[in-house]
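Here is how names work: the chains are called A, B, and so on, in the same order as the sequence lines, proteins then strands, and each is numbered from 1.
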Amino acid sequence: MSVLDLLARRRLVVVTGKGGTGKSTLAAALGRLLAGAGRKTLVVEVDPRESLHQALGVEPSGGEVVQAGEGLWIQNVQAQAVIEGLVREKVPVPFFARKITESPAFRHFVAGAPGFKETAVLGHAYRATRGHRTPRVEVVVLDAPASGHGASLLAAPALLALAAEGGQLGEVAAELAAFLADPAQCAIFLGTLAEEMPVQETLELLETLDSAGGPRVAMVCVNALFPPLPADLLEAVRQDLWGERRRLQERERARLRDRWEGPLAELPLLPLDRGPALTRDLATRLGEARW
Amino acid sequence: MVTPARVPAALDRPLLVVVGGGGVGKTTLAAALGVQSALAGKRTLVMTFDPSLRLKDALGVGEAARDRGVRVPLDAPGTLDASLLDAKATFDRLVSKYAPDPAAADRIFRNRFYRDLAGTLAGILEYMAMERLFEARAEGAHDRIILDTPPTRQALDFLQAPDRIVDFLDSRAVKMALDPIWERDPRSMSLPARLAARAGMEMADRTLGRRFLEDLVEFVRAFNPLFDGFRDRAEEVRRLLRDEGTLFLLVAGPGPDRIPDAMFFLRKLKEAGHRLGPLVVNQVHPPVENPRAGSPDLHPGLRLLAHLGSRDQEGLRQIRDLLPGPGSVLELPAQPRPPSDLPSLAALARAMLIQLDN
Ligand SMILES: Nc1ncnc2c1ncn2[C@@H]1O[C@H](COP(=O)(O)OP(=O)(O)OP(=O)(O)O)[C@@H](O)[C@H]1O
Ligand SMILES: [Mg+2]
């Protein structure tokens, strides 16, 4: 089985994991891989500090859809903008739409209503899989926020469906929750490093998602592994850094494998800076991973 | 120890706030500074967010430290207390403490919004950290508090939490929730107001469902008695964070990739009126002296080491250019092993603070 087999029929891939472990890089590489295999792909980034475009060597999105290669697009999506877009759809008169979105009550509702922003972002990705306001793509890769927020993101539609039961919002949220929990359509990717805290967070997130009975993790990807270095070379560079890190890394890999028996890909730390070369290399390796 | 421990004047403040993105080592550095401060004779409290198991072991604090200070066994002229922040527990305690009577507290605990969502509510973790800080300050049992901050998507969320709460409490949304239209006597409203209210209600009802609105209203109402206290304390915390005695330490990862983020954060902190201490660049790889570093037949492992070394040194060079002046950038080498006991935490602090002495 390979990553492409695993994702063959999925329409949405959500990438999450601890902060700084390479989620955005992984999302970009997945996008490259899928597009390279002929599936039209949109990678959606939610972080307002845009970095996805750098990984693919294109201009920052600033909210627009930007083409990043054959069959590949990226877009930076902010919840506030999505929600305002929804209001404009419902309220076609621009003057009234603006009155609503600028009112303090609305702004506070959006900021404060639990799960609302998260659901809006997922809803945007969901609609994009149907070609709504974006190029008609076959699959959307969502570069989601880091674990804590990522878990709330994934739980948001179900919570909102419950809270707003009986209203249209509740119905939309329920539909979205069902879509997310459907393993035939959605896949959740957890990115991690083979270090103590990232592995800890990964194990906790696996547990949280398991017990919530909602979306399930499809695959775990261990990023930035230190390659082995022969003893004589280790001697030559006089860096105990290397040996120690390898020891910790092996311990953490074992800890992860102990708990996660599902699909797992491992990627090396490469001597490349953020950019298309790194993304391409990682995409190739992801494509070659087998289990 | 040969020389008595001290904390350089530049960092000798009653409140140090350690900020930065996820995974840069904030929690470890906060703990290290805490150890050093206790060694220098201060009664010190370190407030931290999910420390690793290793760090909990190093400090000797387990679950007992959840949400209250626990004395760290340290042989020092000062003392070190550590507490782990737990948003939900702080929230529960606040409710019990400030609710007018047990029945009101109970109403809040039973409200669906509170039960299912309090933990995930945006900004709650951040806000609760502020509440804990306020409590700890009010107790007055410490000369110095070192506050670790939660990893936030936009790290600034944290600092804006008090502002947002005050803003929210003053908002029309809250006032409306306290006096919902459907409970008002229609005769008390003018005809246009009544029509507008009915149209608004119908739309909200259609999209959100009546139950959502009712739960929300109940939640806000149940909370109302607590709100005044919230506002006052948020105001105090805002002041405290801009006080002369408060210093922010930004921790950043190495390499040129991280510089824009660090500069952005520094600018935002300054704009918000906070006082900045040195920038700490953590986990810097040493340069690799290898005559064949660029050759293609180099072992991939060596090529990686050489790359990391030159990447991090280049990052340091760039950041020092941007932040000239002695003591404005401190660097810490990539450690083979994260500090796992009190002496290695103290050593880490010394490695950092010694750079402020010359
Ligand atoms: N396998 C790898 N080899 C080399 N560098 C890598 C690798 N994976 C990630 N990086 C680098 O690590 C840094 C962080 O990666 P990235 O921005 O993808 O992390 P992230 O998890 O999205 O971070 P955040 O939580 O801040 O969004 C980037 O500079 C990236 O180029
Ligand atoms: Mg990212």
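A salt bridge links B/Asp261 with A/Arg49: the closest approach of a Lys/Arg side-chain nitrogen to an acidic carboxylate oxygen falls below 4.0 angstrom.
At a 4.5 Å heavy-atom cutoff, the contact between A/Leu269 and chain B is made by backbone and side-chain atoms alike. Only the side chain of A/Gln200 comes within contact range of chain B, with heavy atoms under 4.5 Å apart. With a 4.5 Å cut-off on non-hydrogen atoms, A/Pro198 does not touch chain B at all. Only the side chain of B/Leu308 comes within less than 4.5 Å of a heavy atom in chain A; its backbone stays farther off. Only the backbone of A/Leu270 has a heavy atom closer than 4.5 Å to any heavy atom of chain B.
Chosen from A/Met197, A/Arg245, A/Glu196, the residue pairing most often with chain B at heavy-atom distances under 4.5 Å is A/Glu196.
Within a 6.0 Å radius of CD in A/Glu250, other residues, nucleotides and ligands contribute more than 12 heavy atoms.
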Side-chain donor-acceptor distances from residues 309-316 of chain B under 3.5 Å, at least two apart:
| from | atom 1 | to | atom 2 | distance (Å) |
| --- | --- | --- | --- | --- |
| B/Ser310 | OG | B/Ala306 | O | 3.1 |
| B/Ser310 | OG | B/His307 | O | 3.3 |
| B/Asp312 | OD2 | B/His285 | N | 2.8 |
| B/Asp312 | OD2 | B/His285 | ND1 | 2.8 |
| B/Gln313 | NE2 | B/His285 | O | 3.0 |
| B/Glu314 | OE1 | B/Arg317 | NE | 3.3 |
| B/Glu314 | OE2 | B/Arg317 | NH2 | 2.9 |
| B/Glu314 | OE2 | B/Gln318 | NE2 | 2.7 |

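For A/Glu244, the salt bridge (charged side-chain N to carboxylate O under 4.0 Å, His left out) partners two or more places apart in sequence, or in a different chain, are A/Arg247, B/Arg337.
Looking at B/Asp341 and B/Ser344, their side chains do bring a donor and an acceptor atom within 3.5 Å of each other.
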